[in-house]
> 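Got a structure for you, questions after.
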Amino acid sequence: METGTIRLEELSGGLDLYRTLESGQTYLWRRADGEMYSGTPALGEWYVTVVDGDVIRARTVDGVLEWQSTTDAEPTVRRLLRLDDDLEAIVDAAPDDPLLDEAYEAHRGMRLVTDPAFGTLVSFICSAQMRVSRIHSMVSTLAREYGDEVSLNGDTYHAFPTPAQLASATEAELRDLGLGYRAPYVVRTAEMVASGETHPDDARTLEYEAAREHLCQFVGVGDKVADCVLLFALEFDEAVPLDTWLKTAIEEHYPHCDCGSYTETSRALREEFGGEYAGYAQTYVFHHLRTGD
DNA sequence: GATTAACCTACGCC
DNA sequence: AGGCGTAGGTTAA
């Protein structure tokens, strides 16, 4: 087992691991105590994910980020948790706006994540009309039922299934696992990727709005889910997913941004939130409104 | 292009 | 207790 540490004070803007991993951006990490998304903060708890067959455990203790892995995971940890983002500069550059200021102030140290694209795509297909805790349990169930077993130091975990593994599932099986009407969406999207027809990563090379269009070809993916994949997996920091919380924020704080269609409203809010890092602003506002603190 | 019902179901709240 | 409304939307008319 390989291990590593970084002192949080070395990171511009710090790191709040709990808010980063339990703010509804990622469903591909699990908390060792099983209390992820229960609303109770993690104090020194390990979080675990599997990337490219390697288990990665991470936690913060006494101002230090620690990790353990089957491999030298520092580059992966830096990428997954976006440790090289200059968070202080991003916050400073954000537009002067009462709601935004409040959100940034309340959740210091929350970073965006960069998760693998396929797992993110399926997670957010599952997210339609779902509470965060249930999305997390659905994704965990898919990993348990269809993903490879991997272990670290005697503890066994499951990777998120590959497209081929998930494409081998049937709609009926996924309905039995509680996915409801999302079951056929997940199977058909997995089949599209497994067959080599197309892959969410293909969107990387496209301009932002074209990339969103590209992702909307997957079954069960509309503008909102596409924006989530762009922001949380493909590093399109300007993506602003418009969910029910952001729609409320638009009604109450940015009525001039309501332009009718998703595309136009999203474009207006993106400008309102400063363009380049508008997705950071979205994530803070979303988390601020959803948690109420 | 813009509207509108239908879709699964666990969980919190009355 | 047990029923009711809701939850980070998308699809098909």
Side-chain angles (χ1 to χ4, degrees), chain A residues 19-29 34-40 99 103 107 110 112-113 115 119-142 169-192 200 209 212-233 236 239-252 258-267 269 273 278-293:
Chain A
R19 286 197 166 96
T20 298
L21 296 181
E22 302 195 42
S23 52
Q25 308 177 57
T26 174
Y27 299 97
L28 301 175
W29 288 80
E35 293 299 301
M36 188 127 175
Y37 283 119
S38 68
T40 55
L99 180 62
H107 307 291
M110 183 169 79
L112 285 177
V113 298
D115 272 334
T120 304
L121 180 66
V122 174
S123 298
F124 282 91
I125 289 172
C126 291
S127 78
Q129 299 289 105
M130 274 297 142
R131 288 176 176 77
V132 290
S133 58
R134 273 205 67 211
I135 302 166
H136 188 255
S137 73
M138 284 171 23
V139 172
S140 300
T141 299
L142 291 178
T170 64
E171 175 183 338
E173 284 172 4
L174 297 191
R175 280 182 185 271
D176 285 345
L177 292 174
L179 295 216
Y181 63 81
R182 305 157 195 83
Y185 301 164
V186 169
V187 175
R188 289 172 62 192
T189 288
E191 286 169 349
M192 289 171 73
E209 289 189 359
R212 193 172 63 200
E213 291 280 297
H214 178 81
L215 292 178
C216 284
Q217 74 181 300
F218 292 102
V219 185
V221 177
D223 289 320
K224 187 269 174 185
V225 169
D227 267 333
C228 289
V229 176
L230 291 175
L231 184 58
F232 305 135
F236 280 78
V240 178
L242 297 185
D243 53 66
T244 52
W245 293 101
L246 266 290
K247 285 175 182 169
T248 302
I250 291 170
E251 263 180 52
E252 293 180 5
D258 185 359
C259 306
S261 75
Y262 185 100
T263 299
E264 294 302 324
T265 303
S266 169
R267 196 177 287 163
L269 193 60
F273 282 171
Y280 251 103
Q282 185 275 354
T283 299
Y284 272 82
V285 168
F286 169 80
H287 190 244
H288 187 53
L289 295 177
R290 192 181 71 81
T291 60
D293 60 35

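Chain letters run A, B, ... following the sequence lines, proteins first and then strands; every chain starts at 1.
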> Starting from P on dC11(B), measure out to OH on Y37(A) and report it in whole angstrom.
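Between P of dC11(B) and OH of Y37(A): 16 Å.
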> Counting side-chain heavy atoms from C-beta on, which of dC8(B), dT10(C), dA7(C) comes nearest to Y185(A)?
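My answer, after comparing the listed nucleotides, is dT10(C).
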> Does any N or O in the side chain of H136(A) come within less than 3.5 Å of the main-chain N or O of W29(A), such that one atom is a donor and the other an acceptor?
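Yes: the side chain of H136(A) pairs with the backbone of W29(A).
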> Go ahead and write out DNA chain C as dot-bracket, 5' to 3': ( ) for pairs within the strand, [ ] for ones crossing earlier pairs, | when the partner sits on another strand, dots for unpaired; Watson-Crick or G-U wobble, both distances under 3.5 Å.
.||||||.|||||
> Between T263(A) and S261(A), is any side-chain donor less than 3.5 angstrom from a side-chain acceptor?
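No, no side-chain donor-acceptor pair sits under 3.5 Å.
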> Pick base, sugar-phosphate or nothing for E171(A), based on heavy-atom distances below 4.0 Å to the nucleic acid.
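Nothing, no nucleic acid heavy atom in range.
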> Regarding Y262(A), tell me which of base, sugar-phosphate or nothing describes its non-hydrogen contacts under 4.0 Å with the strands shown.
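No contact at all - Y262(A) keeps every heavy atom at 4.0 Å or more from the nucleic acid.
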> Can we say E251(A) and K247(A) salt-bridge, meaning some charged N sits less than 4.0 Å from an Asp/Glu carboxylate O?
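No.
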> Counting only distance, no hydrogens or angles, is the base of dC8(B) paired donor-acceptor with the side chain of R182(A) under 3.5 Å?
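For R182(A), whose side chain was compared with the base of dC8(B), there is a donor-acceptor pair (under 3.5 Å).
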> From the set dG9(C), dC8(B), dA2(B), return the single nucleotide nearest to any side-chain atom of S261(A).
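Output: dA2(B).
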> Measure from the side-chain heavy atoms of R134(A) and tell me the nearest of dC8(B), dT9(B), dT6(C).
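In terms of side-chain proximity for R134(A), the closest of dC8(B), dT9(B), dT6(C) is dT9(B).
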> Do any of residues 212-231 of chain A sit with a heavy atom less than 4.0 Å from DNA chain C, and if so which?
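Only F218(A), V219(A), G220(A), V221(A), G222(A), D223(A), K224(A), V225(A), C228(A) qualify.
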> Assess, by modelled atom type and distance only, whether the side chains of Y27(A) and D115(A) contain a donor and an acceptor separated by less than 3.5 Å.
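No, because no side-chain N or O of Y27(A) sits under 3.5 Å from a partner of the opposite role on D115(A).
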> Could you check whether T248(A) gets within reach of a base, just the sugar-phosphate, or nothing at all, counting any heavy atom under 4.0 Å?
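Counting heavy atoms under 4.0 Å across all strands, no contact is made by T248(A).
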> When we call it a touch if two heavy atoms are under 4.0 Å apart, what does R290(A) touch: a base, just sugar-phosphate, or nothing?
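Nothing, no nucleic acid heavy atom in range.
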> Return yes if some donor-acceptor pair links the side-chain N/O of T26(A) with the main-chain N/O of E22(A) below 3.5 Å, else return no.
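Side chain of T26(A) to backbone of E22(A): no pair is present.
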> How far, in whole Å, is dT11(C) from dA10(B) if one measures between their C1' atoms?
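It comes out at 23 Å once rounded to the nearest Å.
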